[in-house]
Amino acid sequence: MASEQTETSSYDNFNAKSYLKNNYRMRPDGIPDSHEDWMPWLLNNLKDTFAGGKLSGERLLDVGTGPAIHNLISAAPYFPNITCAEFCQENREEVEKWVRGENDAFDWDPFIKYVCGLEGEGAWEARQVALRDAIQQVVFCDVREENLPEALNGGPYDVVSSIFTLCGVAKDKADFDGIVSNVSSLVKPGGTLILVCDLEATHYTDGKVSFPHTYLEASYIRQAVRNSGFVDVKDDILVFRSIEGLNWDGTGYIYLTARKSSE
Ligand SMILES: C[S@@+](CC[C@H](N)C(=O)[O-])C[C@H]1O[C@@H](n2cnc3c(N)ncnc32)[C@H](O)[C@@H]1O
């Protein structure tokens with residue numbers, strides 16, 4: 001971590017442009033440029049989760065979308081009603097800019113092309129239009145709110161995804177449990193939760209500001225999800241061989257899916 005960075009527990013200083021520039025780049029061969037290929041790993045897992053319309057329903061909520069829409073590319077053909085819920089106004093504006101197709105919006109086309117390639121789908125332009133149409137709401141959300149369905153004026157949803165958010169927001173393990181429980185109230189009985197978290201990290205940075213993390217082991221995350229009323233908890237873990245050069249100190253990532261118990 002660079003010494004001039006500020007330590008903070010708030011996302012008020014989250015810098016959308018810097019976050020996008022640091023995390024979402026393409027290599028010349030059209031593959032996302034990411035440490036030990038974590039981005040292809042993530043997008044491939046999302047592709048597998050949604051492939052062939054395996055998940056039923058129409059309404060999907062993404063919690064902590066940030067300024068980024070790439071996590072929704074594989075979902076959009078099956079979920080025509082997507083809500084992006086995000087804490088920071090700057091991030092919400094970045095997503096809205098992309099949905100409106102404004103000139104200074106981040107260019108997600110290379111990511112859409114990449115995911116279409118993974119799916120064996122050629123018509124990436126149509127997928128871009130479909131994703132823009134599918135993102136029907138971009139709303140404020142604070143995962144600390146205990147009555148999230150009321151706060152969001154929506155829900156429960158068929159699918160709720162939350163990618164690299166809950167682990168960063170939680171102040172400690174008990175807080176993580178509470179946040180998972182809040183988010184679980186947004187999932188319909190029989191619906192699906194998709195959760196992606198850093199493993200065993202204590203902080204990360206957007207390049208300017210350092211954000212603390214709660215140290216979470218995979219076993220702890222699985223149990224927190226089960227305790228919040230989910231069954232069929234499945235996951236895929238990406239273990240980093242090295243984190244040299246990263247602004248982050250974890251050991252890897254977990255991609256977890258679970259079904260909300262119908263009882
Ligand atoms: C590491 S970013 C992940 C963004 C995106 N999901 C991605 O994969 O790039 C974490 C996101 O959580 C959002 N966030 C922080 N506190 C939050 C809260 N209390 N409720 C909801 N979202 C929050 C941040 O603004 C940020 O966009």
Side-chain angles (χ1 to χ4, degrees), residues 8-25 32-35 38-43 45-46 60-75 82-96 98 106 108 111 115 135 137-149 151-152 154-155 159-171 175-176 178-186 193-199 201-214 216 238 246-250 253-256:
T8 176
S9 60
S10 158
Y11 275 83
D12 291 347
N13 297 319
F14 195 90
N15 183 315
K17 293 272 184 225
S18 151
Y19 179 78
L20 289 168
K21 187 168 156 233
N22 288 334
N23 292 292
Y24 298 113
R25 297 181 303 256
D33 183 4
S34 58
H35 184 75
W38 69 261
M39 179 66 78
W41 167 83
L42 170 60
L43 294 174
N45 267 305
L46 285 164
L60 180 147
L61 174 75
D62 186 51
V63 176
T65 303
I69 54 79
H70 62 300
N71 295 322
L72 301 167
I73 301 168
S74 285
I82 295 177
T83 298
C84 296
E86 164 57 37
F87 188 75
C88 296
Q89 186 180 345
E90 189 180 329
N91 288 343
R92 294 195 301 277
E93 285 171 1
E94 213 39 65
V95 172
E96 283 166 345
W98 183 81
F106 189 75
W108 289 106
F111 283 81
V115 171
I135 300 178
Q137 287 95 215
V138 182
V139 298
F140 169 82
C141 156
D142 181 353
V143 291
R144 295 188 170 287
E145 298 247 12
E146 282 183 13
N147 192 345
L148 275 176
L152 286 174
V159 175
V160 173
S161 56
S162 189
I163 298 182
F164 298 129
T165 293
L166 307 192
C167 45
V169 174
K171 290 191 169 63
D175 198 32
F176 180 76
I179 290 170
V180 172
S181 165
N182 294 345
V183 170
S184 84
S185 69
L186 291 162
L193 174 71
I194 301 170
L195 193 58
V196 181
C197 289
D198 300 334
L199 290 175
T202 65
H203 75 268
Y204 87 95
T205 173
D206 69 357
K208 288 201 170 74
V209 178
S210 178
F211 298 92
H213 259 262
T214 295
L216 294 166
L238 178 70
L246 290 185
N247 291 324
W248 176 78
D249 70 343
Y253 294 153
I254 184 168
Y255 179 97
L256 178 151

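Numbers here simply count residues along the sequence, with the first being 1. Every number for a ligand or one of its atoms is a count from 1 in the order of the listing.
When atom types are taken as modelled, the side chain of D198 and the backbone of A201 share no donor-acceptor pair closer than 3.5 angstrom. Using modelled atom types, one side-chain atom of T214 and one backbone atom of K171 make a donor-acceptor pair closer than 3.5 Å. With T65 contributing its side chain and C84 its backbone, the two residues share no donor-acceptor pair below 3.5 Å.
Residue A68 has no N or O atom closer than 3.5 Å to an N or O atom of ligand 1. At a 3.5 angstrom cut-off on N or O pairs, D62 does not count as close to ligand 1. The shortest N or O to N or O distance between H70 and ligand 1 is not under 3.5 Å. At least one N or O atom of G64 sits closer than 3.5 Å to an N or O atom of ligand 1.
For F164 and W248, the ring centers are positioned 6.0 Å apart or more.
Of all the listed residues (F140, F87, Y19), F87 holds the heavy atom that lies closest to atom 18 (C) of ligand 1.
Shown in contact with C88 at under 4.0 Å from a heavy atom are these atoms of ligand 1, numbered in order with element: 25 (O). The contact set between ligand 1 and I163, taken as ligand atoms under 4.0 Å from a residue heavy atom, comprises 3 (C), 5 (C), 6 (N), 8 (O). Ligand-side atoms of ligand 1 in range of V169: 15 (C), 16 (N), 17 (C), 19 (N), range being under 4.0 angstrom from any heavy atom. For ligand 1 and Y24, the ligand atoms under 4.0 Å from any heavy atom of the residue are 7 (C), 8 (O), 9 (O).
With rounding to the nearest 0.5 Å, the separation of CD1 in I254 from CG in L216 is 10.0 Å.
Contact annotation: for D142 versus ligand 1, heavy atoms closer than 4.0 Å belong to both the backbone and the side chain. Looking at T65 against ligand 1, only its backbone comes within 4.0 Å, counting heavy atoms.
Within 6.0 Å of CD in Q89 there are 12 or fewer heavy atoms belonging to other residues, nucleotides or ligands.
Residues P67 and F106 are not in side-chain contact: their nearest non-hydrogen atoms beyond the backbone lie 4.5 Å or more apart.
Take E86 and apply the side chain to side chain contact (heavy atoms under 4.5 Å, CB included) test, not counting sequence neighbours, and it matches C88, N91, R92.
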